[in-house]
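Each ligand, and each atom within it, is numbered from 1 in the order the structure gives.
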Amino acid sequence: MDRISQIGDVAEIMRDYVANKQTFLTEETMRVPTRTYTDPDQWKAEMELVFRRVPLILAFTAELPNPGDYKAMDAAGLPVLINRDKEGVVRAFLNVCSHRGAPVASEGHGNCARFTCKYHGWTYGQDGKLLGISEASKFGEVRKGEMGLRELPVQEAAGMIFVCLTPNAPIDIGAYYRGFLEDFEALDFGKWTYMGSRVIEGANWKIAFDGYLEGYHFASLHPETIFPRTPSNCMHFEAFGPHIRIGFPHHKIADALAGVPRAEWGTQENNGFDFVRIMFPNVSAFIAPEITQVAQLSPGPTPGQNRTVLNYLRREPIKDEADRANVEAAMNFFRDVTYTEDYLIGLEIQKGLETGAHDDLVFGRNERGNQYFHEWLNWYLQDDRDLPEPVL
Ligand code: FES
């Protein structure tokens with residue numbers, strides 16, 4: 001089925017959910033051990049078997065639109081440098097100088113033809129090759145050709161830049177995304193403009209991520225921000241391998257769609273319904289025309305911490321200074337709501353789970369997105385590709 005027809009069918013399902021006060025339901029509840037969120041061994045296994053293995057979304061095309069643009073960042077605890085060379089090709093490296101390990105670019109964005117390590121001034125090209133050694137005649141023999149930056153597997157598609165954090169690992173985002181990238185291509189995501197980012201910190205990355213996977217909490221936790229537009233506990237889930245498109249109908253979905261021919265309902269995202277797109281393991285994108293928020297969650301240095309980068313993009317470029325001021329205010333607003341309404345309770349949950357009060361947590365039949373995420377996480381942690389994959 002084509003994308004527009006599929007979304008049109010989902011819109012109809014969601015319209016009926018709202019009319020009948022229903023939601024997507026699966027067969028069973030699911031129990032998840034509490035230690036999943038607190039155990040250092042689990043944290044290590046997630047880092048090794050998930051975050052170092054799967055392609056992670058580390059940047060957007062719109063962040064590095066021009067030749068020479070680069071982004072240096074922390075990615076799940078590793079210093080990473082992503083750049084676009086003068087031919088437009090994107091590369092990724094561990095941001096670690098081959099002399100004595102300093103970063104060759106400071107965290108943030110910039111544009112340059114070559115990278116100069118701030119410790120002793122060695123220089124590297126956009127292809128990561130070592131170009132120059134300061135006072136080389138006094139340094140002694142080195143094999144320059146073997147002393148480039150360590151490259152990481154990278155692919156760019158659908159407006160996103162995917163990196164695998166293990167050098168020489170295979171990367172195949174087409175196989176990994178199972179058709180989900182076509183959804184972003186249809187949105188023309190690669191042509192959007194990057195507005196900026198905000199960083200927040202919170203509890204275990206899965207406690208935070210669980211909050212992006214259901215709308216069961218909207219009435220109680222977001223009575224004045226989300227609930228006025230979107231009913232609580234009314235969701236639809238579609239799976240693309242481990243990735244999920246979560247549909248959230250508006251209270252007024254029936255009115256919004258009433259004047260639109262049925263064949264065009266699939267074009268009405270943000271008019272009567274929204275989608276949150278979940279890219280396993282750690283990205284949640286809420287697409288909205290005014291401003292789109294893409295949250296990238298990374299496990300922190302301990303099981304009880306995560307670091308979340310909230311990225312903001314928009315279809316339209318910035319028009320003028322007033323527009324820029326409005327965008328900055330909107331980014332601050334979304335950051336504050338996400339932190340105060342979702343991340344603070346996450347910290348309380350972390351504290352609660354560490355008491356050992358309960359051996360397990362339970363996800364309801366209505367919380368299928370959470371169940372599916374944990375099923376896929378467990379599938380990766382078992383590290384056996386012959387095991388049957390979870391199905392929605
Ligand atoms: Fe980079 Fe010395 S550590 S030049």
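- The salt bridge (Lys or Arg N to Asp or Glu O under 4.0 Å) search around R3 returns D183, not counting sequence neighbours.
- Listed by chain and residue number, W205, F209, F280 satisfy the ring pair (Phe, Tyr, Trp, His ring centres under 6.0 Å) test with F373 (two or more places apart in sequence, or in another chain).
- At a cut-off of 2.8 Å, measuring from atom 2 (Fe) of ligand 1, the protein N, O or S atoms that fall short of it are H99 ND1, H120 ND1, waters left aside.
- In this structure, CD1 on I349 lies 11.5 Å from OG1 on T34, to the nearest 0.5 angstrom.
- In terms of heavy atoms, L377 sits closest to K206 at CD2-CD, 3.3 Å.
- Relative orientation of the F180 and H243 rings is parallel, given thresholds of 30° and 60° on the angle between their planes.
- Applying the under-4.5 Å side-chain rule to Ile, Leu, Val, Met, Phe, Trp and Tyr, the cluster around L130 extends to Y70, L81, F93, V104, F115, W122, Y124, I133, F139, V142, M147, L149.
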